[in-house]
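In each ligand, atom 1 is the first atom listed, and ligand 1 is the first ligand listed. Bear in mind the structure is a predicted one, so any value in this text is a computation, not a measurement.
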Amino acid sequence: YAALDVFTCGSDLDPTAIVQAVSESLEAHRCDTQSIDRGDGSVPPSGVTSRPQGAMKRSVWFTNRQDNIALSLRHAGVLFAEQSAYQKVEVVESYGYGKILLLDNQVAFTERDEFVYHEMISHVPALRHPDPRRILIIGGGDGGACREFLKHESIEDITVVEIDPTVTEAAREHFPRMATSLDDSRVTLIHGDGRAFLESPSDAFDIVVVDSLDTAGETPFDDRFFHLIKAVISSDGLCVTQICAPTLSPDRFSSSITSQRSTFQSVVPYLAFLPTYSTGMLSFSLASVGTRQQARDVILNDLRYLNSDVLNAAFALPAFVQNLIE
Ligand code: SAM
């Protein structure tokens, strides 16, 4: 661990060049910077248009490293930090993307663009199912996916199985527009391992959502995991899973699709785009026990990302992605 204090005078010297040089020379795995304006603080750091409410007068860069690419976001300080039994859970207040939930130093979502992810992981399967009534969400203890499913009148009950109560605690405190959905009368929130929940018998679900790229539990989301999902979904049921983007890890993307195809009759990927996921691309897989459903012509008017054009276009894959799954 190395800490370096750099005092600079005047606004034309850029201390980040020093940070870059030190980080490279030490071959740092992670490098966090924190700049404190020694002036009266009335003028926000260059390039910042406004200060988030409640944050100290600081300007810190958080860097999310994933495979061989990094995403840096400027923030004004940490609002919540706990080491749970499963992961490090933090909330920071960023200058450009609102509050951000970090899990083990990875961006889980930001206030500014979480709607993209939660609309696409919920409404795509809900609109492709003939009559969705019972939903199972594995992960998603932040309430984001649950909030979106509640917009469908046909849905009678949603079971959310979240392994880490600290995620729900952080969401209730800092992301109430998501977490309050967990209190709806149609919702049952269980704090436990989604894999263990699947091992215990339950009534069939119409849609199962795997709202987590990797498990924070003991056992991986492997073939057996998807076999357990297949055992609890109805004959026209659907399983939607967030999978690794082909722009981030092509091998992992194709192996996700291939392994699910050993369990389900039809598995198709679909894509969405938002800046705060490394490479800006989001990927999901939609798996069905029977043949793939056609979209119902139900349009939800108050969505911010999904519309009927996007619903169709999301399944249109670039040539390099098609080649990965043929
Ligand atoms: N919904 C958010 C989004 O916008 O991406 C974040 C989901 S977060 C990346 C993954 C969630 O799944 C976390 O809340 C994590 O605690 C939970 N999780 C991980 N493994 C799990 C498991 N085996 N069973 C239940 N929940 C799990």
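- Polar contact with ligand 1: absent for F221 (N/O pair, distance under 3.5 Å).
- The shortest N/O to N/O separation between F109 and ligand 1 does not fall below 3.5 Å.
- Not a single heavy atom of Y86 sits less than 4.0 Å from an atom of ligand 1.
- For the residue pair Q87/D164, the side-chain donor-acceptor check at 3.5 Å is satisfied.
- Put simply, the side chain of H174 never gets that close to the backbone of K99: no donor and acceptor are under 3.5 Å apart.
- With ligand atoms numbered from 1 in the order given, ligand 1 contributes 1 (N), 2 (C), 7 (C), 10 (C), 11 (C), 12 (O) to contacts under 4.0 Å with heavy atoms of D211.
- Not close to ligand 1: G144, with no non-hydrogen atom less than 4.0 angstrom away.
- Within 6.0 Å of CG in N68 there are 12 or fewer heavy atoms belonging to other residues, nucleotides or ligands.
- The option with the heavy atom closest to atom 27 (C) of ligand 1, from among V160, I121, I137, I163, is I163.
- At a 4.0 Å heavy-atom cut-off, ligand 1 does not touch L213 at all.
- Within the 4.0 Å heavy-atom cutoff, Q106 does not count among the residues contacting ligand 1.
- Not a single N or O atom of G141, backbone or side chain, sits closer than 3.5 Å to an N or O atom of ligand 1.
- A 6.0 Å sphere centred on CZ of R186 holds more than 12 heavy atoms belonging to other residues, nucleotides or ligands.
- At least one heavy atom of E162 sits less than 4.0 Å from an atom of ligand 1.
- At a 3.5 angstrom cut-off on N or O pairs, Q242 does not count as close to ligand 1.
- Counting atoms of ligand 1 from 1 in the listed order, those under 4.0 Å from a heavy atom of A108 are 3 (C), 4 (O), 5 (O).
- Judged purely by distance below 3.5 Å, without hydrogens or angles, the side chains of D113 and T110 pair a donor atom with an acceptor atom.
- Below 4.0 Å from some heavy atom of L103 lie the following atoms of ligand 1, by number and element: 8 (S), 13 (C).
- Closest heavy-atom approach to atom 5 (O) of ligand 1 within the set F225, F197, Y277: this belongs to Y277.
- Rounded to the nearest 0.5 angstrom, D157 CG and T188 OG1 are separated by 6.0 Å.
- Side-chain atoms of N64 come within 3.5 Å of backbone N or O of V107 as a donor-acceptor pair.
- Listed by number with element, the atoms of ligand 1 under 4.0 Å from a non-hydrogen atom of S212 are 10 (C), 12 (O), 19 (C).
- Between the side chains of H152 and H123, a donor-acceptor pair is found at a separation under 3.5 Å.
- Polar contact with ligand 1: absent for R195 (N/O pair, distance under 3.5 Å).
- Electrostatic pairing of D214 and R252 counts as a salt bridge here, judged by a charged N lying under 4.0 Å from a carboxylate O.
- Expressed to the nearest 0.5 Å, how far OG1 of T263 lies from CD1 of I229 amounts to 9.0 Å.
- Close approach to A216 involves these atoms of ligand 1, each under 4.0 Å from a residue heavy atom: 19 (C), 20 (N), 21 (C).
- Between G192 and ligand 1 there is a heavy-atom distance shorter than 4.0 Å.
- Nearest heavy-atom pair, T166 versus S84, reported as atom, atom and distance to 0.1 Å: OG1-CB, 3.3 Å.
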